[in-house]
Structure formats: structure tokens, C-alpha cells
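The block underneath contains the structure these notes are about, expressed in C-alpha cells.
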Amino acid sequence: MGTGKDRGARRRAWEVLWRTQRQGAYPDLLLTVLLGADPSMEKSDRALAHELVMGTLRWQLSLDRVLSKVSQRPLSRIPGKLLVALRLGAYQLLFLERIPPSAAVNETVELVRSIGLEHATGFANAVLRAIAQRGRSLMEVEATSSLAERISVETSHPLWMVEMWLEQWGEGETRELCQANNEVAPITLRTNTLKITREGLLEALREEGVEATPTHFSPEGVEITDLKVPLSTLKSFRMGLFQVQDEASQLISHWMEIAPGQRVLDACAAPGGKTTHMAQLLENRGELLAVDVHQERLNLVSRECKRLGINCVKIERGDLLDPQSLGEEKFDRILLDAPCSGLGVLRRNPDIKWRRTPKDIQRMASIQKRMLENLASHLRPQGILLYSVCTHTREETEGVLEAILEEGQLLLLKTPGGLPLSARELVGEDGLLRTFPHKHGMDGFTAFRLTPAP
């Protein structure tokens, strides 16, 4: 590896990273599109492109720190296209031992040339050779650094994020969480119980050469342990026997305590993982209204319902920030899987580390409160409104809960009812369900349940 044959993988990786930085594109989706559009790429090249993108994003802060130590120019004066290429080269030199250093240097220089920066090849060569010579010693943290600075540099997380978690969780939890965020997240499926049992799905996957095991917390969950081909190429996928969904996300629908015949609202439905799971729990009977503000994302919900054989879902575009959006409609169950900072899914979306700011958290919390307030009047007596976010910030969890309880319309339900017995330990005495990647091997979610005040 590292000669010319995987040059296409590096070029694709550079393109994804550049468009992520320049256009705010989502790297996982862009990887799927670009790699899918190039059928000539071998499996190993696709894997390399994916690792280069996600690895470079995970370790961006550390890579920039190393580059700043060996570059004669401040990083702020290095053109963006060149800086992305240098990060790619530095990642290979510092983290990918299977790529010879000479190959990492030479191929990155060729990449710089191929993107129209011939004049910068000498600079790139000097910077990368300095990294190759000094290696990971460049990543050492100064003894004078504070605890937060040390964890930030060692785990490549923004300093403000580390400081927030240190205050919230303490040193041990913060270190473990940051380390877990840099690991590759598992591929987890949810069995479509409308068509097959979990045991049946495991057998079907084995027949297709896919090794998988049952999840611990979710009764429908299946974790992939060995996958040789894209999931979308499997017969079991085309037959609608499963949907890709993290185990923590699967627990949310169970906590809704859904029963066939109920009227259910999925208030922020796209892309449809929880929507289709709730439809399964309804046994495809009753009415499930899926609402989202983005029509193109609602199209994803529609396609998934069709693939999975679900017909009890009604799809509508609606803006939850508009109190009149839902008219006078009432529901037995409402799920608000609210837009949030996403800090619980950094394993899957490392780019979020560099997109988010503390102001974003305050802005998200304000939106979440307004959505809850607007939904409160649509809940029937004895109904359940479940609020969930894939983050753990105080502002978006306890803060939102305190604000909505002060309104007096809703009460907090503290019981773990509806959850599988194995998952009930995840609900604390305060009535909040919390999952963590470093504790449970799942995405980081926070959720709580509300019911109308008498």
C-alpha cells in the first residue's frame, strides 16, 4: 500500500474533507456519494478513503498542532486546499503504520500537485518529511499545560468542550468519553419484526456471509462483527428485513410504551429510524404521523417505509416552531427527537467537533424549548410526550426539562416502564435516560418523558 494504486482513495478523501470544510457538507454522506459514483475503486481503496476522512477529522486538532510545530508559516496563512492535504499526509504518518512514511510523503506531494498547487510541493515535502523524522514526539503535551488543555490535545477535542465535560463529569469520565469518541462506532441494525425475528435475521445474515451478534439492551438489535460488502447490496436489505439504527436510538421508541391502535406523532421524523421502529411497535396498525420541516428528508422516510413494508405512516411537512402547524390534532404518544448539538454521536460524525460552538448549544436549547411548548397542547390526557437528544449538555437536557416543568402544563414521568428489563438501569433517579459510548458502547443519548398535568 502507498504506491500509486491507492492515489484515487487519497484524492477522494481530500475532496470530501475540502468540501466538508468549505461547503459544510456531511462527510459520511459525501463519501457514500463519491465512492458510489466510482465503481472502478477496489474495496481496499474505498476502505482507505473512508479511514483517511474519518481519521483526519477525528484528529484534526492534534494534526494542526503538529503541523504548526514544523511549518515555517502559521497555519492561518496556509491556503485551505493545501492545509487539508497536509492534514491527510500528517494523519498517515502519525496514525497509519501500515503505510510506509516515504509513501505517505510522496503520495501527499503528488496530491498537492494534482489539485493545482504545483508551487507548494516543495513546502509540503519539507513539512511532511519533518513529521516523518520526528514522529509522534511532536504530539507530546507541554508539562505546563492545564488538565483541560492536556485532554484537549491528547484526544483532539475543542478546549471549550473538554472544559464543559470536566465541570459536568470530572476527569475520569471526561477522558474516557473523549477516548471513546475517537473509536470507530459499531454498525448496528434493527430487526424489522414485521417481517422476521431477530434470530431469523441473524441466520439470514450468516447465509450472506455477514457475522453478527445480538445486542444487549435492545431486543431487536443486531451488531455487525464482520462485513465484507456494503449493507445495501445484501438481499436481506432489499427485502426490508432490517434498518441501520444505533442501539441507543432503538431504546427511545420502546420507552414510548406504544400499543397497536394508538395515535402517534413523530414530530421531527427524518430520516425515519424511530418512525419505522414505532410503526413496528404499532404492528403496522393505528396512525403514525411523521412530521419534519425538510421535505427532501421526508422523502427518505417515505422510501424507508416502502422498503420495510410499512403503511400506517402518514407523512406531512410541518414546522414545529409554528404553534399552528398541527392545528387542533391530539395524540396518545408524541416523540420529539429534537435537533441538537449532536455531541453524543462524535464517533460517527467527528466533524461536529469543529462545527459546534458554545453559542450553538444555547441556540439549540432555545429551539428545543419552543418545540416542547408547542407540542404540549397536542397531547391527550394520560398521554406520553418523550423528548430525546443525542447529546448530554445541561442546557439541552436538564435545562430544557426545568423550563418546560415551570410552564405547569406537563409533569415528569420518572418510571422506566416500556423499556426492556436489561435497559431499565439506564434511567436514573432523576427520571432521565442516559447512554454513553464509553459506558454502554452506544451513541450518547439523553431522554425524558412527560405527561399532561391533571
Side-chain angles (χ1 to χ4, degrees), residues 12-13 15-35 47 49-64 84 87-88 91 95 152 155-158 160-162 164-165 177-189 223-224 231 243-250 252 268 270-274 292 294 296-297 300 337-361 363-364 367-368 388-393 396-397 435-438 440-447:
R12 290 298 189 195
E15 186 175 352
V16 170
L17 290 168
W18 172 238
R19 289 174 63 176
T20 297
Q21 177 175 300
R22 184 74 173 177
Q23 302 170 358
Y26 294 101
D28 54 338
L29 299 180
L30 196 52
L31 269 170
T32 300
V33 171
L34 291 179
L35 297 184
H50 191 277
E51 180 168 0
L52 289 175
V53 168
M54 293 304 178
T56 300
L57 286 170
R58 286 189 183 100
W59 293 99
Q60 182 172 305
L61 183 147
S62 301
L63 296 174
D64 283 359
V84 169
R87 286 171 179 161
L88 266 173
Y91 176 71
F95 291 94
S152 170
T155 67
S156 189
H157 281 68
W160 69 266
M161 203 177 288
V162 173
M164 175 181 66
W165 286 335
L177 177 57
C178 289
Q179 289 165 355
N181 286 339
N182 288 329
E183 296 173 358
V184 178
I187 301 173
T188 308
L189 315 179
E223 185 173 316
I224 302 295
L231 284 169
Q243 185 168 37
V244 178
Q245 186 182 23
D246 185 75
E247 190 176 10
S249 180
Q250 295 180 34
I252 298 301
C268 290
K274 297 180 184 68
D292 201 274
H294 302 290
E296 64 275 14
R297 284 170 59 79
L300 298 175
D337 188 42
C340 70
S341 60
L343 303 190
V345 291
L346 297 183
R347 295 185 305 174
R348 301 185 188 279
N349 309 108
D351 53 300
I352 289 177
K353 289 193 285 188
W354 322 119
R355 294 182 191 270
R356 293 288 180 257
T357 68
K359 287 184 179 179
D360 290 327
I361 293 173
R363 178 177 58 84
M364 292 286 189
I367 291 172
Q368 293 152 1
S388 73
V389 284
C390 52
T391 193
H392 295 115
T393 68
E396 298 173 272
T397 56
T435 62
F436 296 89
H438 67 292
H440 312 114
M442 297 185 283
D443 289 346
F445 267 78
T446 307

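Counting from 1, the numbers follow the sequence of the chain as shown.
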(request) Please test R22 against L17 for side-chain contact (heavy atoms from CB on, under 4.5 Å), starting from the C-alpha separation and ending with a verdict. (result) CA-CA 8 Å; R22 184 74 173 177; L17 290 168; over 6 Å; no

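- Atom-to-atom distance recorded for N181:CG and M161:CE is 8.5 Å, nearest 0.5 angstrom.
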(request) Apply side chain to side chain donor-acceptor pair (under 3.5 Å) to the pair D337 and S388, showing each step before the final yes or no. (result) CA-CA 5 Å; D337 188 42; S388 73; 2.6 Å; yes

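- Nearest approach of I352 to G342, heavy atoms of both residues: CD1-O, 3.7 Å.
- Side-chain contact between N182 and T155 is present, with heavy atoms from C-beta onward closer than 4.5 Å.
- At least one side-chain heavy atom of R87 sits less than 4.5 Å from a side-chain heavy atom of Q21.
- The only member of L57, V16, L88 that meets side chain to side chain contact (heavy atoms under 4.5 Å, CB included) when paired with L52 is L88.
- Two rings, from F436 and H392, have their centers less than 6.0 Å apart.
- Residues L346 and H157 meet the side-chain proximity criterion, which asks for heavy atoms closer than 4.5 Å.
- Y26 is not listed as a side-chain neighbour of T32, based on a closest heavy-atom distance of 4.5 Å or more.
- Side-chain atoms of T435 come within 3.5 Å of backbone atoms of F445 as a donor-acceptor pair (strictly under, hydrogens ignored).
- Between the CD1 atom of I187 and the CG atom of D246 there is a distance of 11.5 Å, given to the nearest 0.5 Å.
- Among T391, T393, T357, the one residue that satisfies the side-chain hydrogen bond (donor to acceptor under 3.5 Å, both in side chains) test with S341 is T391.
- A distance of 7.5 Å separates CD in E247 from CD in E223, rounded to the nearest 0.5 Å.
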(message) Checking M364 against K359 for the side-chain contact (heavy atoms from CB on, under 4.5 Å) test, could you report, in this order, the C-alpha distance in whole Å, the side-chain angles of both residues, the deciding distance, and whether it holds?
(response) CA-CA 9 Å; M364 292 286 189; K359 287 184 179 179; over 6 Å; no

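- In terms of the salt bridge (Lys or Arg N to Asp or Glu O under 4.0 Å) criterion, residue partners of D443 (sequence neighbours excluded) are, by chain and number, R347, R348.
- Across P186 and G441, no two heavy atoms sit closer than the pair CG-O, 4.0 Å.
- With contacts defined as side-chain heavy-atom distances shorter than 4.5 Å, the pair M54/N349 does not qualify.
- Between P437 and E183 the shortest side-chain heavy-atom distance does not fall below 4.5 Å.
- Taking the six-membered ring for Trp and the full ring otherwise, the centers of Y91 and W59 sit at least 6.0 Å from each other.
- Using a 4.5 Å heavy-atom cutoff, the side chains of R19 and L30 are in contact.
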(message) Would S152 and L61 count as a side-chain contact (heavy atoms from CB on, under 4.5 Å) here? Give the steps.
(response) CA-CA 8 Å; S152 170; L61 183 147; 3.8 Å; yes

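- Taking CZ from R297 and SG from C268, the interatomic distance works out to 9.5 Å, rounded to the nearest 0.5 Å.
- Here salt bridge (Lys or Arg N to Asp or Glu O under 4.0 Å) pairs that include residues 51-62, with residues two or more places apart or in two chains, are E51-R98.
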(message) If you apply the rule side-chain contact (heavy atoms from CB on, under 4.5 Å), what do you find for T56 with L63, and how did you get there?
(response) CA-CA 8 Å; T56 300; L63 296 174; 4.0 Å; yes

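- R363 and Q368 share no side-chain donor-acceptor pair at under 3.5 Å.
- Note that CG of D64 is 8.0 Å distant from CH2 of W354, once rounded to the nearest 0.5 Å.
- Minimum interatomic distance between A447 and I252 (heavy atoms only, all atoms of both residues): CB-CD1, 3.8 Å.
- Using modelled atom types, one side-chain atom of Q250 and one backbone atom of Q245 make a donor-acceptor pair closer than 3.5 Å.
- Residues L189 and Q243 are not in side-chain contact: their nearest non-hydrogen atoms beyond the backbone lie 4.5 Å or more apart.
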